[in-house]
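In listed order, ligands and their atoms are each counted from 1.
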Amino acid sequence: MTRIFVPKDAAALALGANKLAAKIAGEAKARGQAMEIVRTGSRGAFFLEPLIEVETPQGRIGYGPVSAADVASLFDAGFLSGGAYPQRIGKPEEHPFLKGQTRLTFARCGIIDPLSLSDYAAQDGFRGLKRAIEIGPQAIVAEVTKSGLRGRGGAGFPTGIKWKTAADTSADRKYVVCNADEGDSGTFADRMIMEGDPFALIEGMTICGIGIGATKGYVYCRSEYPHAGRTFAEAIQIALEAGYLGPKILGSGYAFELELRMGAGAYICGEETSLLDSLEGKRGIVRAKPPLPAHKGLFGKPTIINNVLSLVAVPTVLDRGAEFYAGFGFGRSRGTMPIQIAGNVRYGGLYETGFGLTLGEIVDGIGGGTYSGRPVRAVQCGGPLGAYFPRALFDTRYDYEAFTAKDGLLGHGGIVVFDDTVDMAKMARFAMEFCAVESCGKCTPCRIGSVRGMEVIDRVLEGVRPAENIALLEDLCNTMKFGSLCALGGFVPFPVMSAIRHFREDFRPRALAAAE
Ligand SMILES: Cc1cc2nc3c(=O)[nH]c(=O)nc-3n(C[C@H](O)[C@H](O)[C@H](O)COP(=O)(O)O)c2cc1C
Ligand code: SF4
């Protein structure tokens with residue numbers, strides 16, 4: 001029977017994928033054509049969504065973007081056997097957006113039925129877990145360390161070193177916590193995994209549990225991700241029933257159980273210690289470090305907190321070896337990064353590749369410039385705490401060190417593009433406002449400084465002693481940078497200062513600017 005693949009990723013659903021699937025089923029029935037609809041995740045080429053694919057003897061053929069209104073004409077064009085159609089893209093993996101990618105973390109996303117264990121196993125699923133069980137905890141941690149994998153949640157801390165700290169700490173209980181709060185603007189990779197390849201996260205967390213000696217894990221999922229939550233909860237149940245979770249994983253002596261918790265809807269609950277407070281049922285407030293969570297984390301026990309993408313990279317490291325994974329990337333940034341290109345961009349979506357492209361190659365080459373067709377003026381990399389890059393810095397290499405050298409941040413891999421209509425003074429003010437709204441309130445530089453920051457920017461724009469107030473703003477930014485307890489207050493100066501440094505002309509008094 002012909003199989004048709006229709007995504008059920010939230011981005012595709014927002015663009016009418018459910019209506020489209022229903023229309024295809026109805027049309028096939030009316031025409032007496034036998035077929036099966038398989039719901040998948042997304043391949044991440046959002047400008048092609050909804051992207052449907054049909055299985056033909058030549059391989060899968062894609063059509064996108066298509067809507068329910070196209071269905072009758074798709075049938076007329078013989079799409080069930082790969083017939084010609086204006087939106088026919090041929091084999092998806094040969095589409096320019098997908099062809100240049102190195103998909104390790106997203107190898108299965110958009111291809112398999114996310115809740116089919118047999119699909120998952122047929123595409124190398126659980127091979128990493130099997131090897132992990134064979135080699136045991138010490139060798140697991142050594143392999144992850146050797147791979148050079150660094151945390152994909154924002155800070156880029158070496159994952160293996162963190163795991164070793166928790167593994168070497170003795171305790172009656174340890175925990176693995178997956179940070180799926182995904183609060184950064186323009187990011188959606190964690191969501192795509194939970195909706196499109198949830199067993200990969202289960203596998204990565206289980207390997208971590210075996211590696212550090214934890215038998216319980218929690219996934220803390222962003223509250224705005226109902227689809228991800230539902231799919232992941234189902235995946236946990238399926239994995240449990242099949243023995244991939246539970247008291248004897250794959251019949252081994254290792255136990256691991258998993259619980260899903262929906263987040264509290266606060267940006268700060270993505271910060272690891274606030275997240276722990278929130279998981280414990282408290283209001284999310286940043287904890288002072290030390291102690292590190294790896295020593296004293298959830299309920300006071302040694303805890304590994306890793307981002308979804310860090311954990312999903314682990315099965316590949318175990319299955320194909322640390323050297324294979326470390327073979328991708330640049331300098332000390334090893335492996336691949338699922339880059340999320342968003343904002344005013346022509347080809348928005350997820351692009352996984354080894355570190356090392358330039359920012360210009362990503363924005364102009366892969367992203368195709370702006371959606372509006374106007375010139376790109378700025379891109380914000382790394383979420384709301386990341387710097388704004390002007391075109392003059394588009395030769396910056398996409399790796400942790402190169403970005404740090406330019407006072408930037410890779411963060412969780414988000415890139416938000418702006419055209420030449422953007423007002424960078426407004427963006428700087430927004431950064432301060434965001435910090436004021438999202439601050440947990442524990443420390444003064446962030447709680448008070450962010451409010452004062454908004455006021456100072458307002459004064460500059462009102463023409464009140466602008467030069468003096470810009471100097472004051474720079475001083476305030478330094479206080480926040482060096483005096484804040486966590487990276488919310490500590491990093492918000494980066495978008496603000498980069499806006500001043502690279503787009504100083506936008507900080508003129510508004511009355512003056514309007515008169516010109
Ligand atoms: C304000 C703030 C928000 C954060 N939000 C997230 C988030 O949404 N997801 C995430 O994985 N890490 C987030 N982090 C980073 C975490 O504190 C932590 O570094 C990360 O979960 C560690 O996992 P990793 O080593 O795999 O990156 C945030 C940090 C700060 C300071
Ligand atoms: S910097 Fe802000 S969010 Fe972080 S601890 Fe201080 S008040 Fe809380």
Side-chain angles (χ1 to χ4, degrees), residues 105 144 149-163 165-166 176-191 193-194 201 204-205 208 218-225 263-279 283-289 292-294 297 303-314 335 337 382-386 400 409-414 431-432 434-451 453 479-494:
T105 304
V144 173
L149 176 66
R150 291 165 72 174
R152 302 291 192 244
F157 189 81
T159 306
I161 293 177
K162 199 193 284 197
W163 286 21
T165 309
V176 178
V177 173
C178 170
N179 191 340
D181 201 47
E182 195 157 58
D184 279 3
S185 37
T187 64
F188 38 81
D190 298 352
R191 177 188 64 67
I193 286 288
M194 291 179 76
L201 179 54
M205 290 185 74
C208 179
Y218 290 91
V219 174
Y220 187 90
C221 177
R222 180 183 171 92
S223 65
E224 294 93 332
Y225 284 174
Y267 182 69
I268 198 58
C269 286
E271 192 282 333
E272 57 187 13
T273 61
S274 286
L275 187 156
L276 293 178
D277 267 13
S278 181
L279 260 185
R283 182 181 140 200
I285 296 189
V286 175
R287 300 177 184 174
K289 288 189 269 193
L292 295 170
T303 302
I304 281 300
I305 308 183
N306 272 136
N307 174 252
V308 173
L309 301 180
S310 320
L311 290 160
V312 174
V314 166
M337 185 71 186
L385 309 177
Y400 291 106
L409 178 73
L410 289 194
H412 183 48
M432 285 293 189
F434 178 82
C435 184
V437 171
E438 298 291 344
S439 169
C440 84
K442 184 154 177 163
C443 67
T444 317
C446 167
R447 186 184 69 245
I448 308 285
S450 52
V451 179
T479 307
M480 291 177 75
K481 203 162 142 182
F482 299 111
S484 296
L485 182 60
C486 86
L488 179 48
F491 275 57
V492 102
F494 288 91

Within reach of ligand 1, part of K162 (heavy-atom separation under 4.0 Å): side chain
Contact check: C443 to atom 6 (Fe) of ligand 2, N/O/S below 2.8 Å: yes
Do you know which of V219, L201, T105, D181 makes side-chain contact (heavy atoms from CB on, under 4.5 Å) with V308? L201
To the nearest 0.5 Å, tell me how far F157 CZ sits from T165 OG1. 6.0 Å
Enumerated ligand 1 atoms positioned under 4.0 Å from heavy atoms of S310: 24 (P), 26 (O)
Classify the contact between T159 and ligand 1 as side chain, backbone, both or neither, using a heavy-atom distance cut-off of under 4.0 Å. neither
Atom indices of ligand 1 within 4.0 angstrom of D181 heavy atoms, with elements: 8 (O)
Is any side-chain N of the basic residue among D277 and R287 closer than 4.0 Å to the acidic one's carboxylate O? yes
Give the atom numbers and elements of ligand 2 that come within less than 4.0 Å of a heavy atom of K442. 7 (S), 8 (Fe)
Of the side chain and backbone of H412, name the one, both, or neither that has a heavy atom under 4.0 Å from an atom of ligand 1. neither
If you count the atoms of ligand 2 from 1 in the order shown, which ones are under 4.0 Å from a heavy atom of L488? 3 (S)
What are the atoms of ligand 1, with element, lying closer than 4.0 Å to any heavy atom of E272? 16 (C), 17 (O), 18 (C), 19 (O), 22 (C)
For I268, the ligand 1 atoms with a heavy-atom partner under 4.0 Å come out as 1 (C)
Min N/O separation D184 to ligand 1 under 3.5 Å: no
To the nearest 0.5 Å, atom CG of L488 lies from atom OG of S439 at 6.0 Å
Report, in ascending order of atom number, the atoms of ligand 2 lying under 4.0 Å from any heavy atom of S484. 1 (S)
Please determine whether C440 has a backbone or side-chain N, O or S atom lying under 2.8 Å from atom 4 (Fe) of ligand 2. no
What's the shortest distance from atom 4 (Fe) of ligand 2 to any protein heavy atom, and which residue and atom give it? C486 SG, 2.4 Å
For G489, take its heavy atoms, then give the atoms of ligand 2 lying under 4.0 Å from any of them. 1 (S)
Heavy-atom contacts with Y267 under 4.0 Å: which atoms of ligand 1 show up? List them by number with element. 1 (C), 3 (C)
Which ligand 2 atoms are under 4.0 Å away from a heavy-atom of S439? 2 (Fe), 7 (S)
Side-chain donor-acceptor pair present, D190, N307, cut-off under 3.5 Å: yes
Is it the case that S274 and E272 place a side-chain donor and acceptor less than 3.5 Å from each other? no
Which atoms from ligand 1 have a heavy atom of G183 less than 4.0 Å away? 8 (O)
What's the shortest distance from atom 2 (Fe) of ligand 2 to any protein heavy atom, and which residue and atom give it? C446 SG, 2.3 Å
Relative to the heavy atoms of R152, which atoms of ligand 1 are at a distance of less than 4.0 Å? 26 (O), 27 (O)
Which of the numbered atoms in ligand 2 are below 4.0 angstrom from a heavy atom of G441? 7 (S), 8 (Fe)
Identify, by atom number and element, the atoms of ligand 2 in contact range of V286, meaning under 4.0 Å from any of its heavy atoms. 4 (Fe), 5 (S)
